[in-house]
Amino acid sequence: MKILSIETSCDDTCISILEVKGGATNASFKVLANNSNSQINIHIPYGGVYPVLAKREHAKNLPIILETCLKQANLTLSPSPERRGLGRGIDAIAVTYGPGLEMCLWEGISFAKELAEKWKVPLIPVNHMEGHVLSVFGKHKGGFTIPKIKAPAISLLVSGGHTQLVLMKKPARTTVQSGGWMDYSIIGKTLDDAVGEAFDKVARMLELPYPGGPQISKLAEIERKRVPFPLNKGENERGFLIQEPHPALSLLRRGKIKIQLPRPMLHSKNLDFSFSGLKTAVLYLIRKIGKPDEEMRSKIALEFENAAIECLVYKTKKAIEKYGARTLIVAGGVAANKYLRNEMKKVVGKKVKLLFPTQELSGDNSLMIGIAGYLNYLKNKKKVPKLDSIKATGNLSL
Ligand code: KG4
Ligand code: ZN
């Protein structure tokens, strides 16, 4: 069957067409079309996503991207002006219905409902976060199948709106294809800001353009490779928490000693996270040292990335040990972060299979929505909800 999938939960308008073969235990996917429109340039002047603008852009771009996808998938059956026949051959539509910005979600849902009515095909509502979990199986070109996954599995979901540790605890040898595996319980979460949000806010403090995650990461990467300055006699190798008045503040300003930021909740007993204190520590630091020059910006970016990733990696390792996980999935926009990928590889043992999405599928995309749509279609024994019951749900949880 051919599934058309739509994603509009934030600032990316995305549509894919997947050809799917096989049933619950041997599903294989072929990418017939996969197109998106990023709104980054439109939101840069606002330093973040401006929801009304995002909604307007989705409305403008959806029909254009749809037409491109149908052409690519060779589904333009009739070139007539009224586009009769366009879309014939699509057997089902999958659409993100949450979590995300509600007005943006509605744009995708309404568009999907119209198509589902016109083409008389089922509409499958998809949870965006489940999409991220399943994104690790996708490839944005060509074909792919879903491999056997050993349970229990843990997912670390890290994006602009979420930081969650999720347990999929069906017994070992259960496979993702059997559907039962797609049962989630949240075992840890952020108590305040999401990690991607913290990256974006710190980037704004450093006057780096939106979206800040990749910018911070780029600066940190360069700084990490720089040879560390020699410590003066008596200086603290671990750095220190900055307190005013502190004689070392002038050394810090001159880049002579290390910045050290806190790792909130690193040693808390639970598996929760907190990133707002880390973000505020950067704010106070900048207030103390004044507008950072280029070198200081890189040093702050490095220490911020070290602190944030250390918290993610430490709690994930703890979760793996606590639940005896055999598979670890790391997904969501922040999974594109190279340092996170490297550090995670270092700490998970050989017994744990570590899965990341490709760089293209780390951020928001519709391909992951197509995969989740199909697996849900099978899981629910091909029963689909009534169109009227599908509603945008901004705070939808897994
Ligand atoms: O999953 P996603 O594309 O959208 C949401 O569902 O939120 O995640 C976007 C987030 C943004 O906060 C962005 O700054 C962050 O992912 N991000 C990164 C990197 N690439 C994207 N954060 C850290 N390092 C990166 N390389
Ligand atoms: Zn996302």
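Each ligand, and each atom within it, is numbered from 1 in the order the structure gives. Below, each value reflects all heavy atoms present in this structure, side chains not excepted, and no hydrogens, waters or symmetry copies. Every value quoted in this text rests on a predicted model; they were computed, and no experiment measured them.
The existence of a salt bridge linking Glu197 and Lys201 is confirmed by a sub-4.0 Å separation between a basic side-chain nitrogen and an acidic carboxylate oxygen.
In this structure, Gly161 has a heavy atom closer than 4.0 Å to ligand 1.
Exactly one of Thr190, Thr163, Asp192 qualifies for a side-chain hydrogen bond (donor to acceptor under 3.5 Å, both in side chains) with Ser274. That residue is Asp192.
Against a heavy-atom cut-off of under 4.0 Å, Gly196 is close to the following atoms of ligand 1: 12 (O). If you number the atoms of ligand 1 from 1 as listed, the ones under 4.0 Å from a heavy atom of Gly213 come out as 14 (O), 18 (C), 19 (C), 22 (N), 23 (C), 24 (N), 25 (C).
At a 4.0 Å heavy-atom cut-off, ligand 1 touches His132 through the side chain alone. Within the 4.0 Å heavy-atom criterion, the part of Asp200 lying near ligand 1 is the side chain and not the backbone. Neither the backbone nor the side chain of Lys338 has a heavy atom within less than 4.0 Å of ligand 1.
Summarising the contacts of atom 24 (N) of ligand 1 with Asn337, Asp12, Ile216, the nearest heavy atom is found in Asn337. Proximity annotation for atom 1 (O) of ligand 1: of Ala336, Gly333, Gly160, Gly333 comes nearest, heavy atoms only.
In summary, no N, O or S atom of His162 is located under 2.8 Å from the Zn ion (ligand 2). At a cut-off of 2.8 Å, Cys10 does not coordinate the Zn ion (ligand 2) through any N, O or S atom.
Ranking the protein heavy atoms by distance from atom 2 (P) of ligand 1 puts Asp364 OD1, 3.3 Å first. Ranking protein heavy atoms by distance to atom 15 (C) of ligand 1, first place goes to Val334 CG2, 3.9 Å.
As for His132, its N/O/S atom nearest the Zn ion (ligand 2) is the one called NE2. With respect to the Zn ion (ligand 2), Asp364 has OD1 as its nearest N, O or S atom.
Polar contact with ligand 1: absent for Phe199 (N/O pair, distance under 3.5 Å). Considering backbone and side-chain atoms together, Pro211 places no N or O closer than 3.5 Å to any N or O of ligand 1. At under 3.5 Å, not a single nitrogen or oxygen of Gly332, backbone or side chain, sits near a nitrogen or oxygen of ligand 1.
A 6.0 Å sphere centred on NZ of Lys353 holds no more than 12 heavy atoms belonging to other residues, nucleotides or ligands. A 6.0 Å sphere centred on NZ of Lys113 holds more than 12 heavy atoms belonging to other residues, nucleotides or ligands.
Aromatic pair His128/Tyr97: ring centres not closer than 6.0 Å.
Residues Glu7 and Thr96 bring a donor and an acceptor atom of their side chains to less than 3.5 Å of each other.
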